[in-house]
Each structure stands twice: as structure tokens, then as C-alpha cells.
Student: 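One structure coming up, written as C-alpha cells, with questions to follow.
Residue numbers run from 1 in the order of the sequence given.
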Amino acid sequence: MRAEGVTRTPAVRTAVIWELLLAQLSELAAAAGRDRLGIVDAGGGTGGFAVPLAERGHTVTVVDPSPDSLAALERRAKEKGVGVRALQGDAADLGELLDRDSADLVLCHSVLEYVDDPISAMTAVAGLLRGGGAVSVLAANPVAAAIHRALAGHFDEARVALADPRGTWGDRDPTPRRYTAETLAELLRATGFTVGAVHGVRVFTDLVPSRLVDAEPGAAEALVALEQEAAVHPVLRDIATQLHVFGHRS
């Protein structure tokens with residue numbers, strides 16, 4: 001299933017994720033025997049994923065530490081005429097904020113880079129999931145960080161990003177931690193998940209000027225098609241800005 005509305009640059013950036021999510025939701029719904037699933041978006045911010053999922057009929061809860069983001073989420077949900085539960089807290093607080101075995105799917109997008117203890121965060125996620133449930137993990141890739149620093153002319157920082165165990169390029173790096181496909185899979189296995197296929201997200205999108213995408217007829221659709229091919233390419237996947245994987249709870 002193709003993501004809707006991929007004619008603008010921001011939508012191109014999330015097209016691969018939406019394709020993966022919608023396919024996973026179909027599988028989860030079929031296995032559960034119901035169309036309405038319980039979804040928790042950890043670190044879901046202003047609802048970029050949560051509100052569209054609620055529009056599809058799912059029960060969605062967003063947990064985020066920022067009260068401003070949650071306020072923006074509530075405004076967005078109201079504009080779309082849907083209900084999304086908003087709770088203030090961190091990923092590690094999920095077990096205290098929500099019931100065990102209460103979710104079919106947990107989104108953990110751009111969260112593991114910033115949490116104090118990734119093991120605790122993913123353990124909390126595992127506790128929320130019903131048997132057969134899944135977590136969608138999206139995390140920054142250190143190889144892409146090195147490429148982007150090199151393209152900006154910061155060659156020493158690019159080399160540091162490749163060598164640093166946390167994938168950071170220096171003290172000024174705003175991202176405390178990045179993950180390769182291997183370290184992401186290790187984290188999921190260590191917290192009790194069965195690891196699915198790893199996909200690359202934004203292989204080319206962050207390298208192509210947005211004016212080329214927005215101004216040229218058909219360019220956005222062509223770029224999405226390219227990203228979908230690159231997401232599973234054995235070489236290109238590993239240089240993507242972000243890596244995506246589903247972890248499944250037995």
C-alpha cells in the first residue's frame with residue numbers, strides 16, 4: 001500500500017515508514033481478528049503519526065515529555081475530528097503510565113537516540129505489548145551522519161562519527177547516540193524481541209535539494225519509488241539517514 005499525499009517533500013521523507021507501518025497494521029489486525037488496534041506512540045510529539053493513525057480508526061495514545069508538543073497534538077487531533085490520548089512522560093515511564101499487555105503496536109521513532117537508558121526504555125515497551133504485538137523502531141544511523149558531515153566539509157567530524165561507539169561526531173553533536181543495523185538488532189534481542197528486516201529510510205531524500213522535488217512535476221513520486229527500492233538495497237540501506245526495524249513480541 002502506498003502512502004497518501006507524497007507530492008510534498010515532508011511526505012516524501014516519511015513515505016517508506018508509512019508503507020511499512022500500514023503493512024504491519026494489516027498483519028496485526030488480521031492476527032488479532034479486529035480492525036481497531038491499540039497503538040502507543042512513545043515520543044510522538046505533535047502527532048505526525050498518531051493523528052493519521054487515529055483517523056484510520058485506531059485507538060492511539062501519545063506519551064511525550066513536552067507539554068507544548070502535547071498541546072499541539074491535541075489541537076491537531078481536534079482539527080481532524082479524532083481523539084488521541086495525550087500523556088506527559090518519557091519512554092522509560094511507559095510501564096507506570098499505561099497497563100501491561102494493553103497495546104498491539106508501539107511506535108518508538110527517534111527516541112532511542114536520546115533516552116538515558118535504551119535497555120530500560122525497550123523493556124518498558126515490551127511490557128506494554130500484547131502477545132504477537134510489535135514495536136516500530138526508527139533510529140539515526142552513524143554512517144549517514146558521517147556522510148552528511150563530510151558533505152558539509154567537516155571531514156574530521158565525519159571520521160569521528162565512524163569510529164565513535166555511540167556514533168556521534170563530537171561534543172556539539174545534538175544527537176547523543178546512533179545505531180547501526182547490528183546494534184539496533186542487538187538492543188531488540190536483549191529486551192526480548194524477535195527482530196524483523198531492517199529498512200533504510202531517507203537514503204536520498206536528505207541529499208536532494210527540496211526545490212528539485214517540489215518544482216519538477218512527478219519528481220516526488222519518482223523519489224518515493226527510488227526510496228522504496230533503496231530501503232532494502234543491501235548497500236544503500238546501510239547509508240540511510242535512519243534505520244527502521246520491527247521487533248515482535250512472542
Student: Would you name the heavy atoms of Ala161 and Pro142 that are closest together and state the gap between them?
Tutor: O-CB, 4.1 Å
Student: Does any non-hydrogen side-chain atom of Val201 lie less than 4.5 Å from one of Ile17?
Tutor: yes
Student: Would you confirm whether Asp173, through its side chain, and Thr175, through its main-chain N or O, come within 3.5 Å as a donor-acceptor pair?
Tutor: yes
Student: Determine, using the 4.5 Å side-chain heavy-atom cutoff (strictly less than), whether Val232 and Leu243 are members of one ILVMFWY cluster.
Tutor: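 Per the 4.5 Å side-chain linkage, Val232 and Leu243 are not co-clustered.
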Student: What about Val12 and Val208, same hydrophobic cluster or not, with Ile/Leu/Val/Met/Phe/Trp/Tyr joined at side-chain heavy-atom distances under 4.5 Å?
Tutor: yes
Student: Check the surroundings of atom CD in Glu229: do more than 12 heavy atoms from other residues, nucleotides or ligands lie under 6.0 Å from it?
Tutor: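 Not more than 12 within 6.0 Å, no.
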Student: Applying salt bridge (Lys or Arg N to Asp or Glu O under 4.0 Å) to Arg13 and Glu227, what does each step give before you reach the verdict?
Tutor: CA-CA 9 Å; Arg13 291 161 62 90; Glu227 287 285 354; over 6 Å; no
Student: Got a sec: does the CG of Asp101 have more than 12 other heavy atoms crowding it under 6.0 Å?
Tutor: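 Atom CG in Asp101 is crowded, with more than 12 foreign heavy atoms closer than 6.0 Å.
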Student: Looking at every non-hydrogen atom in both residues, tell me the closest pair between Gly200 and Arg237 and how far apart they are.
Tutor: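 Between these two residues, the closest heavy atoms are N-CG, 3.3 Å.
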Student: side-chain contact (heavy atoms from CB on, under 4.5 Å), that's the test. Do Val245 and Tyr179 meet it? Break it down for me.
Tutor: CA-CA 11 Å; Val245 63; Tyr179 292 87; over 6 Å; no
Student: Could you go through Leu98 and Thr61, starting from their C-alpha distance and side-chain angles, then the distance that decides it, and tell me whether this counts as side-chain contact (heavy atoms from CB on, under 4.5 Å)?
Tutor: CA-CA 9 Å; Leu98 298 165; Thr61 298; 4.2 Å; yes
Student: What heavy-atom pair brings Leu70 and Ala86 nearest, and what distance separates the two atoms?
Tutor: CD2-CB, 4.0 Å
Student: Testing the basics here: between Gly48 and Trp18, what is the closest heavy-atom pair and its distance to 0.1 Å?
Tutor: O-CZ2, 3.9 Å
Student: State, with a plain yes or no, whether a side-chain heavy atom of Asp68 is found less than 4.5 Å away from one of Thr46.
Tutor: no
Student: Knowing that exactly one of Ile119, Val135, Val125 qualifies, which makes a side-chain contact (heavy atoms from CB on, under 4.5 Å) with Thr191?
Tutor: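 Single side-chain contact (heavy atoms from CB on, under 4.5 Å) partner of Thr191 among Ile119, Val135, Val125: Ile119.
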Student: I want to know whether Phe49 and His109 have ring centres closer than 6.0 Å.
Tutor: yes
Student: Using a 4.5 Å cut-off on heavy atoms from C-beta on, say whether the side chain of Leu22 contacts that of Arg56.
Tutor: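 Yes. Closest side-chain heavy atoms under 4.5 Å.
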Student: With no hydrogens and no angle check, do the side chains of Gln242 and Ser110 hold a donor and an acceptor under 3.5 Å apart?
Tutor: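 Checked: Gln242/Ser110 side chains pair up, N/O donor to acceptor below 3.5 Å.
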Student: Say whether, by atom type as modelled, one donor and one acceptor occur between the side chain of Arg178 and the main chain of Gly167 under 3.5 angstrom.
Tutor: yes
Student: Does Thr180 use its side chain to pair, donor to acceptor, with the backbone of Thr183 at less than 3.5 Å?
Tutor: yes
Student: For Arg211, is there any backbone N or O sitting under 3.5 Å from a side-chain donor or acceptor partner on Asp214?
Tutor: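 Side chain of Asp214 to backbone of Arg211: no pair is present.
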Student: Could you walk me through whether Leu188 and Val137 pass the side-chain contact (heavy atoms from CB on, under 4.5 Å) check?
Tutor: CA-CA 9 Å; Leu188 285 168; Val137 178; 4.1 Å; yes
Student: What is the distance from atom CG of Leu128 to atom CG of Leu97, rounded to the nearest 0.5 Å?
Tutor: 9.0 Å
Student: Any chance the side chains of Ser120 and Asp117 put a donor and an acceptor closer than 3.5 Å?
Tutor: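 Note: Ser120 and Asp117 side chains meet the donor-acceptor criterion.
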Student: Quick check for you: to the nearest 0.5 Å, what is the distance between Ile39 atom CD1 and Leu28 atom CG?
Tutor: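 The distance works out to 8.5 Å.
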Student: When rounded to the nearest 0.5 angstrom, what distance separates CD in Glu74 from OG in Ser69?
Tutor: 11.5 Å
Student: Closer than 3.5 angstrom, by distance alone: can the side chain of Asp206 be matched with the main-chain N or O of Thr241 as a donor-acceptor pair?
Tutor: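 No; zero donor-acceptor contacts below 3.5 Å.
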Student: Side-chain contact test, heavy atoms from C-beta onward, threshold under 4.5 Å: evaluate it for His58 versus Leu25 and give yes or no.
Tutor: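 Sidechains of Leu25 and His58: in contact.
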Student: Would you mind reporting whether Leu37 and Leu105 have side-chain heavy atoms less than 4.5 Å apart?
Tutor: no
Student: Does a side-chain heavy-atom distance below 4.5 Å link Leu107 with Leu53?
Tutor: yes
Student: Consider only side-chain heavy atoms of I, L, V, M, F, W and Y, link residues closer than 4.5 Å, and tell whether Leu112 and Tyr114 are in one cluster.
Tutor: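 In one cluster: no.
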Student: Output the distance between atom CG (Leu21) and atom OG (Ser136), rounded to the nearest 0.5 Å.
Tutor: 4.5 Å
Student: Which value, rounded to the nearest 0.5 Å, describes the distance between Arg75 atom CZ and Lys78 atom NZ?
Tutor: 10.5 Å
Student: Let's go through Ile239 and Leu236 carefully: what are the C-alpha distance in whole Å and the side-chain angles of both, what is the deciding distance for side-chain contact (heavy atoms from CB on, under 4.5 Å) to 0.1 Å, and is it a yes or a no?
Tutor: CA-CA 5 Å; Ile239 67 168; Leu236 294 176; 4.1 Å; yes
Student: Is Arg166 reaching over with its side chain to a backbone N or O of Pro176, donor-acceptor style, under 3.5 angstrom?
Tutor: yes
Student: Taking His233 for its side chain and Val235 for its backbone only, find out whether a donor-acceptor pair lies under 3.5 Å.
Tutor: yes
Student: Roughly how far, to the nearest 0.5 Å, is CE of Met122 from CG of Leu184?
Tutor: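 CE of Met122 is found 8.0 Å from CG of Leu184.
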Student: Would you say Val160 and Val143 are hydrophobically clustered, going by side-chain heavy atoms of ILVMFWY under 4.5 Å?
Tutor: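 No, separate clusters.
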Student: Does some side-chain heavy atom of Val62 sit less than 4.5 Å from a side-chain heavy atom of Arg85?
Tutor: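 With C-beta onward as the side chain, the pair stays apart.
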Student: Given 3.5 Å as the limit, does a donor-acceptor pair link the side chain of Glu157 with the main chain of Arg149, or not?
Tutor: no
Student: Between Ala146 and Ala158, what is the shortest heavy-atom contact and its length?
Tutor: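 So the minimum-distance heavy-atom pair works out to O-CB, 3.2 Å.
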Student: Please evaluate residues Asp104 and Arg36 with respect to the criterion salt bridge (Lys or Arg N to Asp or Glu O under 4.0 Å), reporting the C-alpha separation (whole Å), side-chain torsions for both, the decisive distance (0.1 Å), and the verdict.
Tutor: CA-CA 10 Å; Asp104 299 291; Arg36 188 180 183 90; over 6 Å; no
Student: Quick one: does Glu55's side chain have a donor or acceptor within less than 3.5 Å of a partner on Val82's backbone?
Tutor: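 Side chain of Glu55 to backbone of Val82, a donor-acceptor pair under 3.5 Å: no, none is there.
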Student: Students often mix this up, so state it plainly: with edges at 30° and 60°, are the rings of Phe246 and His244 parallel, tilted or perpendicular?
Tutor: perpendicular
Student: Do Asp164 and Trp169 come within less than 4.5 Å of each other through their side chains, counting heavy atoms only?
Tutor: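 No. Closest side-chain heavy atoms not under 4.5 Å.
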Student: Please name the pair of heavy atoms, one in Ala77 and one in Val84, separated by the smallest distance, quoted to 0.1 Å.
Tutor: CB-CG2, 4.1 Å
Student: For the hydrophobic clusters of this structure (ILVMFWY residues joined by side-chain heavy atoms under 4.5 Å, transitively), does one cluster hold both Leu162 and Ile147?
Tutor: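 Different clusters.
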Student: Ignoring hydrogens and geometry, is there a side-chain-to-backbone donor-acceptor pair from Arg177 to Val115 under 3.5 Å?
Tutor: yes
